[in-house]
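Reviewing the structure listed below.
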Amino acid sequence: MGTRAGGRRTGPKCIAIVGPFASGKTTLLEAILARTGAIPRQNPVSSGSTVSDHSPEARAHAMSVEATFATTEFMREQLTFVDCPGSIEFAFEAEPVLAACDAAVVVAEADEKKIPALQLIMRKLDDLGVPRILFLNKVDKAIAGVRDTLKMLQPASSVPLLLRQIPLRKDGVVIGSIDLALERAYVYREYAESQVADIPSDDKARELEARFSMLETLADHDDQLMEQLLEEIEPPKDAIFDDLAADLRAGAVTPVLIGTAEKGNGVLRLLKAIRHDAPDIEATRKRLGAPDGNQTVVQVMKTIHTAHGGKLSVSRILSGQVADGSELWLPGGDTAKVSGIYKMLGKDQFKLAAAKAGDTVALGKLDEVKTGQTLTSAKGGTKQLFTFEPPQPVFAFALRPKERKDEVKMSAAIQRLAEEDPSLSLR
């Protein structure tokens, strides 16, 4: 890694998985968790047993209806992925989540009908200043070529879509990928690590053309690389990877990786790109304008009510450390005491003694805390780092219990639903 990116960012990262409805986000998360050993095998969405679609509603509708958190490890580094719903009815779930994430993986496919939804997602990432990688899914089923697909998708992105891989084909069937930065071919193996291979001679000219196009785009932000290209000097690979990381973190480009999540293809390359190129908690803290100093700062991303554990506030620790029993100040000056810290894997929680900067954890029993709030150890609280406005209601209905004695129970249940989903309101 060279000097522009300033080296690889280590430590816990939080990555949102976003994209249009039915683009394969839940399948990608399942593939990631299987590849990193968090789950024993990758389950198809149709099985109703994926980590992400664990609620009865998600299984009944066969789609994600809420943001789901899953923490795993890859090459001894902690990564938390958040599967955000793609359906427009639940898109608001992603706003408080994205604000506290380091980067996003945008899952897309070669389907022009989904471009308007993709455009809305990209615009939201622009508004929040969140860097992103585009994972072009279902390449084995795509009829159009990858570069033609990128031309179709480019209007949805305000920055260049930078192709990092091209498909490796045999008899018209996608059997792997060619990495343009590494100049190396990978042959896919179902649910297993791809096999390294030489670039076939028939594909060499196509690879050189695509690679030069990638380098030209990178040279727009690197004068030294531009000079090397003009003088036909082969740039060092370390410098290329440095530019890729620097431009991703700066939001100057959106790198594009390809694969088929359903078969686990392309997942390892995506994980390596996240590990090497994605920004860390320090960049996220600066983006949000979190206060400097030694105090603990916590950003609440989502509220969950569990049957046995009560209320959980899934939060990103922006700085400092939170221990079980810690007292945190709310923006208004009230205090709340943490009762339980948990690592999340879908519906499952694993108790922790403490959480440090960068960790994404669920904090227990913070009854007065709401989604989107900023908590701190500093006396009196701190300013709200992120504000969001729920969308205007487009549908309303009245409820009443069959028996009057159930009014209090029903009202409390609806209130919990509204806490979990701020786009709901109760009168």
Side-chain angles (χ1 to χ4, degrees), residues 1-11 13-16 18 98 101-108 118 121-136 146-147 149-151 153-166 177-184 207-230 233-259 266 269-287:
M1 191 72 76
T3 56
R4 281 193 66 216
R8 186 169 66 82
R9 300 291 188 258
T10 59
K13 292 186 176 81
C14 185
I15 310 295
V18 296
L98 287 170
C101 285
D102 300 319
V105 173
V106 182
V107 184
L118 180 64
I121 291 163
M122 291 294 210
R123 190 179 301 163
K124 179 57 65 179
L125 294 172
D126 285 339
D127 292 344
L128 295 171
V130 179
R132 78 290 318 235
I133 295 170
L134 191 142
F135 183 77
L136 190 56
V146 166
R147 281 184 282 182
T149 299
L150 252 59
K151 286 178 185 176
L153 299 179
Q154 181 60 66
S157 176
S158 62
V159 297
L161 297 176
L162 182 72
L163 191 61
R164 283 194 57 171
Q165 297 171 305
I166 58 174
S177 66
I178 299 173
D179 191 296
L180 301 177
L182 286 170
E183 292 191 285
R184 193 179 295 164
E207 183 268 334
L208 288 173
E209 182 187 350
R211 187 171 191 270
F212 186 77
S213 178
M214 178 189 76
L215 295 177
E216 274 190 315
T217 303
L218 292 176
D220 289 341
H221 308 99
D222 185 344
D223 293 339
Q224 185 177 358
L225 177 59
M226 179 65 78
E227 290 175 10
Q228 289 170 336
L229 294 181
L230 291 173
I233 298 171
E234 178 63 28
K237 282 190 171 64
D238 282 352
I240 295 171
F241 281 112
D242 182 46
D243 281 336
L244 286 166
D247 288 352
L248 166 65
R249 294 172 194 170
V253 300
T254 297
V256 178
L257 300 174
I258 66 173
R269 182 66 257 170
L270 174 64
L271 284 167
K272 287 182 177 178
I274 291 169
R275 182 175 184 267
H276 287 276
D277 301 345
D280 61 355
I281 189 62
E282 184 179 346
T284 303
R285 193 162 52 237
K286 288 179 180 177
R287 173 166 54 81

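This structure is a prediction, so every number in the text was calculated from the model and none was measured.
- When the side chain to side chain donor-acceptor pair (under 3.5 Å) test is applied to Ser158, the partners found at least two apart in sequence or on another chain are Asp126.
- The OG atom of Ser213 sits 11.0 Å away from the CD1 atom of Ile166 when rounded to the nearest 0.5 Å.
- Partner Thr217 forms a side chain to side chain contact (heavy atoms under 4.5 Å, CB included) with one of Leu163, Asp247, Val253 and no other, that one being Val253.
- In plain terms, the two heavy atoms of Leu98 and Ala16 that are nearest each other are CD2-CB, 3.5 Å.
- In this structure Arg269 satisfies the salt bridge (charged side-chain N to carboxylate O under 4.0 Å, His left out) test together with Asp179, sequence neighbours excluded.
- Nearest approach of Pro160 to Ala252, heavy atoms of both residues: CD-O, 3.4 Å.
- Without hydrogens or angle criteria, Gln154 side chain to Leu161 main chain gives a donor-acceptor distance under 3.5 Å.
- Remark: Asp220 pairs with no residue by the side chain to side chain donor-acceptor pair (under 3.5 Å) rule, at least two apart or across chains.
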Mind running side-chain contact (heavy atoms from CB on, under 4.5 Å) on Leu248 and Ile133 for me, showing each step along the way?
CA-CA 8 Å; Leu248 166 65; Ile133 295 170; 4.1 Å; yes
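- Residue Glu216 places its CD atom among more than 12 non-hydrogen atoms of other residues, nucleotides or ligands, all under 6.0 Å distant.
- Leu134 contributes atom CG, which lies 11.5 Å from atom CD1 of Ile258 (distance to the nearest 0.5 angstrom).
- Considering every non-hydrogen atom in both Ala181 and Ile240, the closest pair reads CB-CG2, 4.3 Å.
- Between Arg249 and Glu282, no side-chain nitrogen of the basic residue sits less than 4.0 Å from a carboxylate oxygen of the acidic one, so the salt-bridge criterion is not met.
- In this structure Asp102 satisfies the side chain to side chain donor-acceptor pair (under 3.5 Å) test together with Thr284, Arg316, sequence neighbours excluded.
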Evaluate salt bridge (charged side-chain N to carboxylate O under 4.0 Å, His left out) for Arg4 paired with Asp243, printing each intermediate quantity in order.
CA-CA 7 Å; Arg4 281 193 66 216; Asp243 281 336; 2.7 Å; yes
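- Just one of Arg164, Arg9, Arg132 meets the salt bridge (charged side-chain N to carboxylate O under 4.0 Å, His left out) condition when paired with Asp277; it is Arg164.
- Looking only at side-chain heavy atoms (C-beta outward), Arg8 and Thr10 come within less than 4.5 Å of each other.
- With a 4.5 Å cut-off on side-chain heavy atoms, Leu150 and Leu136 count as touching.
- Here the CD1 atom belonging to Ile121 is positioned 12.5 Å from the OG atom belonging to Ser157, to the nearest 0.5 angstrom.
- Taking CG of Leu180 as the reference point, atom CD of Glu209 lies at 11.0 Å (rounded to 0.5 Å).
- The closest side-chain heavy-atom distance from Pro236 to Gln228 is below 4.5 Å.
- Counting heavy atoms from C-beta outward, Leu244 and Leu218 have side chains that approach closer than 4.5 Å.
- Residues satisfying the salt bridge (charged side-chain N to carboxylate O under 4.0 Å, His left out) test with Lys237, not counting sequence neighbours, are Glu183.
- Of all the heavy atoms in Pro235 and Leu215, the pair that sits closest is CG-CD1, 4.1 Å.
- You'll find the side chain of Val105 stays beyond 4.5 Å of the side chain of Val18, heavy atoms only.
- Here the side chains of Lys13 and Ile281 are not in contact, with every heavy-atom distance at 4.5 Å or above.
- The distance from atom CD of Glu207 to atom CD of Gln165, rounded to the nearest 0.5 Å, is 12.0 Å.
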Might you work through the side-chain contact (heavy atoms from CB on, under 4.5 Å) test for Arg211 and Ile178, ending with a clear yes or no?
CA-CA 10 Å; Arg211 187 171 191 270; Ile178 299 173; over 6 Å; no
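- For the pair Val256/Phe135, no side-chain contact is recorded, criterion being any heavy-atom separation below 4.5 Å from C-beta on.
- Taking the side chain to side chain donor-acceptor pair (under 3.5 Å) definition, one finds that Lys124 meets it with Glu95, sequence neighbours left out.
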